[in-house]
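Only one structure is covered here, and it is reproduced in the block below.
Counting starts at 1 for both ligands and their atoms, following the listed order.
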Amino acid sequence: VNSEDQIIQLIKKKLGSPKSPYGIGDDAALIDPQHLITTDFLVEGVDFKRTEDLKRVGRKVINVNLSDLAAMGAVPEMALGYAAFPKGTKRSQLERFLAGLKAAANRYKVRLIGGDISEAKQWIAGAVMIGKVAKGKPFLRSGAKSGDDIWVTGTLGGSILGKHLDFEPRVREALFLREDLPVSSCIDLSDGLGQDLPRLLKCSGKGAHILPESIPVSRDAHRLSKKTRKSALEHAFQDGEDFELLFTLSPRFQKRLLQRWKRRFKTPLTRIGQVTSQKKCRLAGELWKGFDHFR
Ligand SMILES: [Mg+2]
C-alpha cells in the first residue's frame, strides 16, 4: 500500500463498513440521522516539530476535528481528548498543551468531557468529537450535481509557513451555509485541492472543470514559491492542511450566497469551476496532484 486512499480501501475490505452515510467515506461518521462523530490526531515528527509550542498543538488537536464536523455542517458539541508523550515531559509543557486545547474548545463552545493519556517516545495527541445537525441532513461528499458551481473558502497553499497550526476552522461559515443554502456536497481541504477535489467528485460520481486563474492563491503560496521550484499555483493545488471548505451549490443560488456571505464574513469565498457529468477533473491540461501521508 502506498496511498492513504488504498489503505482506506483495505480497511473497508477487511473490516466492512455500513452503507453511506453510516460508515467510512465522509469527514465524520453518522451515529444516527442527527449526530456525528469524528476523530483526528497529530504525531510529533509528522504533523509538528519537537520544538513546537505545545499550545499551538493543543489548539490544532481541537481545530482539525472541528474542521471535519464543519465539512458536514454539524454544530460541535463535546469532545474527548487523548495524548501520549515521553516520560520527563515538563509540567509547563503539559500546561501549554492543555491551554491550547481549552482555548480552541472554548472558542467554539465544545465541552471537554474526558479522555485518555499514555506514554510514548514522541508526542501523539488527538480528540474524538461529537456534533449535531439540528434539522435537515448533514453535508455529504456524494451529492454534487452536474452544473453545480464549485466554491472554496479562504486562500490556498503554503500552509507549512504557519497556517497548518494556526488556521481557523470554518465552523461559523459551515453553519451559515447549512441554515441558508442547499449545499449539494462538501469536504474540508486537508490533503490539498488537487487531491480533495477529485475525492469529492469521485464520491458524487462526477467530474469538474476548473478555471486555474480563479484559484485563490494565498500570500504564503507566493512566498513559498520563491524558495521552491514550484509555482504559487502548484502550491495552492498540492499543499495540504489548508482546512478550508470546498462545496458545491446549484448556480441558481449564486447571487443569494454571495450577497449574504459578504454581509456576514470577511473570509474570502471563490467560485473555482463547475461540476461536469464526465468523471474527470480538468484544469487546463494540468495533472492532479496533492499531498498524501503515505507517498
Ligand atoms: Mg476532512
Aromatic plane relationship, F247 with W151 - under 30° parallel, 30 to 60° tilted, over 60° perpendicular: parallel
Geometric class of the W123/F97 ring pair [parallel <30°, tilted 30-60°, perpendicular >60°]: tilted
Test: R170 and D188 ion pair at under 4.0 Å: no
Ionic contact status for D5 with R199, cut-off 4.0 Å: yes
The Mg ion (ligand 1): protein N, O or S atoms that are less than 2.8 Å away, sorted by chain: D27 OD1, D68 OD1, D188 OD1
Under-4.0 Å salt bridge between D220 and K163: no
Side chain proximity check, W261 to L177, heavy atoms < 4.5 angstrom: yes
